[in-house]
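Heads up, the thing below is written out as structure tokens.
The figures here come from the full heavy-atom set of this structure, side chains too, leaving out hydrogens, waters and symmetry mates. Counting begins at 1 with the first residue of the sequence. Please read all numbers here as calculations on a predicted model, not as lab measurements.
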Amino acid sequence: MNLKSLMLLTTGASMAATGAMADGHMANSMTLVSWGGAYQASQVNAYSDPYVAMNEGLEVIWDESSGEAVARLRAMNEAGNVTWDLVDVVASDAMRLCDEGLAMEIDHDEVLAPAPDGTPATEDFGDLIVSDCFIPQIVYSTTVGYRTDVAEWNGNTPTDICAIFDTENFPGQRSLERRPIGNLEWALICDGVAMEDVYDVLETDEGITRAFAMLDTIQDNTVWWTAGADTPQLLADGEIVMGSTYNGRLFSLIEEQDQPVAMLWDAQVFDLDGWIIPEGLPEDRLARTLDFLRFATDTQRLADQAAYISYGPARASSAPLVGQHATLGIDMAPHMPTDPANATRTFLFNYEWWADYRDDMDARFQAWLAQ
């Protein structure tokens, strides 16, 4: 069965809303892979719980291994045993998986629902469709949170990203992600490189050396995290005084948990997150995956997710539907990375650069950490 036939099948099932199990063509379980924590909870609330309610008997299994998605999918493909059905990845990883033939290329207008006014999906998502394999969900940023009760800071509070490297005025342990993305860019910016020149400088050995030299200055004061929930927990426990993570995780820590933490928007690193379908799924699993994907990425579902976490929906038609937090009742728009007040000095992540250089930079970063 080809993709078009499957789409006819799954579209029909979606229109029926129920009874998808009865036609016998769709698997009765699926494994979704994401990042855990508050982000995954928002996907459960907005996507999978309503979908399961429409499809009685369907089992949805959530795996929290998106941070290892590239390596795990390479291994599954090598073993000929792909156990994941839909994987949430950042845009640069989607590009790598697509280039390696590990993610399925799709016709976005055929697979995804149009906007309520009939606007095709490719127009509604626009430039956020950065790969033939990538289905965008959210715009988010990696930024820095800091505790507001650090006595040693004598009443000072960080005002820009370079506070991460300023252990004299802001002493204490910090946390950074255990990967080069974002860290190398911030290191160069705080070493005097203009934002627009960062990737040109990183193209050179001298630029890479310069970035690592800047990171050297805080290596002894840094906890390296691997899961997005790590920094919020470390901040809540008082184990660190500041650290990087995703803006939605900090929103949860500040607004939902009422912790003494604030966030920096300076030099926030914009990124995209979305789904890829692993290449080579059996027909029944692919049919189920496509049916869920069409539902989970429509205009209303992406807007619904913004009621649980402060990430901007990837569809233009979803933005007007973003309202208040599902339980706190506060307006969500001012907490989005795309809000004009928060986006005065945003660093634009270069997906193509990282898709080309990620493996090499990962190896150099791990070697630097091991020194």
For [X] versus [Y], what's the shortest heavy-atom pair and its separation?
X      : Y      : answer
Ala267 : Trp186 : O-NE1, 3.0 Å
Val322 : Met336 : CG1-CE, 4.0 Å
Ala287 : His25  : CB-O, 3.7 Å
Leu250 : Gly145 : CD1-N, 3.6 Å

> In terms of ring plane angle, is the pair Trp225 and Tyr246 parallel, tilted or perpendicular, where the classes change at 30° and 60°?
Replying inline: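 Judged by the thresholds at 30° and 60°, the geometry between Trp225 and Tyr246 is perpendicular.
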> What is the ring orientation for Trp368 with Phe212, classed by angle as parallel under 30°, tilted 30 to 60°, or perpendicular over 60°?
Replying inline: tilted
With a 4.5 Å cut-off on side-chain heavy atoms, are [Y] and [X] touching?
X      : Y      : answer
Leu73  : Trp84  : yes
Pro180 : Trp354 : yes
Val144 : Met263 : no
Met76  : Val82  : yes
Asn28  : Glu59  : no
Tyr47  : Leu302 : yes
Asp266 : Arg345 : yes
Ser34  : Glu64  : no

[Y] and [X] side chains, donor-acceptor separation under 3.5 Å:
X      : Y      : answer
Arg72  : Ser65  : yes
Glu239 : Gln233 : no
Thr143 : Gln268 : no

Carboxylate-amine/guanidinium proximity below 4.0 Å for [X] and [Y]:
X      : Y      : answer
Asp359 : Arg96  : yes
Asp93  : Arg358 : yes
Asp205 : Arg364 : yes
Arg288 : Asp85  : no
Arg210 : Asp216 : no

Let me check something: do [X] and [Y] share a hydrophobic cluster, defined by ILVMFWY side-chain heavy atoms less than 4.5 Å apart, either directly or through other members?
X      : Y      : result
Met104 : Met30  : yes
Val269 : Val130 : yes
Leu202 : Ile181 : yes
Val241 : Leu235 : no
Met242 : Val223 : no

>> Set out, in order, the CA-CA distance, both residues' side-chain angles and the distance that settles side-chain contact (heavy atoms from CB on, under 4.5 Å) for Leu128 and Val139, then state yes or no.
In response: CA-CA 9 Å; Leu128 302 190; Val139 178; 3.9 Å; yes
How many angstroms lie between atom [atom1] of [X] and atom [atom2] of [Y], to the nearest 0.5 angstrom?
X      : Y      : atom1 : atom2 : value
Met214 : Asn183 : CE    : CG    : 12.5 Å
Asp132 : Met95  : CG    : CE    : 10.0 Å
Leu112 : Leu290 : CG    : CG    : 9.5 Å
Ser317 : Asp298 : OG    : CG    : 8.5 Å
Leu253 : Arg147 : CG    : CZ    : 8.5 Å
Thr346 : Phe270 : OG1   : CZ    : 4.5 Å

> How about Asp127: does its CG atom have over 12 heavy atoms from other parts shown lying under 6.0 Å from it?
Replying inline: no
> Taking atom CD of Glu196 as the centre, does the number of heavy atoms from other residues, nucleotides or ligands within less than 6.0 Å exceed 12?
Replying inline: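 Result for CD/Glu196: enclosed.
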>> The test is side chain to side chain donor-acceptor pair (under 3.5 Å); show your working for Thr231 and Ser175 and say whether it passes.
In response: CA-CA 6 Å; Thr231 285; Ser175 68; 2.6 Å; yes
>> I want to check a possible cation-pi pair here: Arg301 against Phe295, using under 6.0 Å from ring centre and within 45° of the ring axis as the test.
In response: yes
>> Under the criterion side-chain contact (heavy atoms from CB on, under 4.5 Å), I'd like the reasoning laid out for Thr167 against Arg174: C-alpha separation, chi angles, the key distance, then a yes or no.
In response: CA-CA 9 Å; Thr167 54; Arg174 39 270 278 150; 3.9 Å; yes
So that I know where these two stand, are [X] and [Y] an aromatic pair - ring centroids less than 6.0 Å apart?
X      : Y      : answer
Phe347 : Tyr199 : yes
Phe365 : Trp224 : yes
His325 : Phe251 : yes
Phe292 : Tyr51  : yes

> Does the side chain to side chain donor-acceptor pair (under 3.5 Å) test come out yes or no for Trp62 and Gln43, once each step is laid out?
Replying inline: CA-CA 10 Å; Trp62 283 91; Gln43 294 175 305; over 6 Å; no
>> Evaluate Asn247 against Tyr311 for side chain to side chain donor-acceptor pair (under 3.5 Å), listing each step before the verdict.
In response: CA-CA 8 Å; Asn247 74 284; Tyr311 295 149; 4.8 Å; no
> Would Thr119 and Glu123 count as a side chain to side chain donor-acceptor pair (under 3.5 Å) if you check the C-alpha gap in whole Å, the side-chain angles of each, and the deciding distance to 0.1 Å?
Replying inline: CA-CA 7 Å; Thr119 300; Glu123 293 181 27; 5.2 Å; no
> Does the side-chain contact (heavy atoms from CB on, under 4.5 Å) test come out yes or no for Arg179 and Met361, once each step is laid out?
Replying inline: CA-CA 9 Å; Arg179 65 176 191 167; Met361 287 298 105; over 6 Å; no
> Can you list the steps and then say if Leu176 with Ile218 is a side-chain contact (heavy atoms from CB on, under 4.5 Å)?
Replying inline: CA-CA 10 Å; Leu176 290 171; Ile218 57 169; 3.8 Å; yes
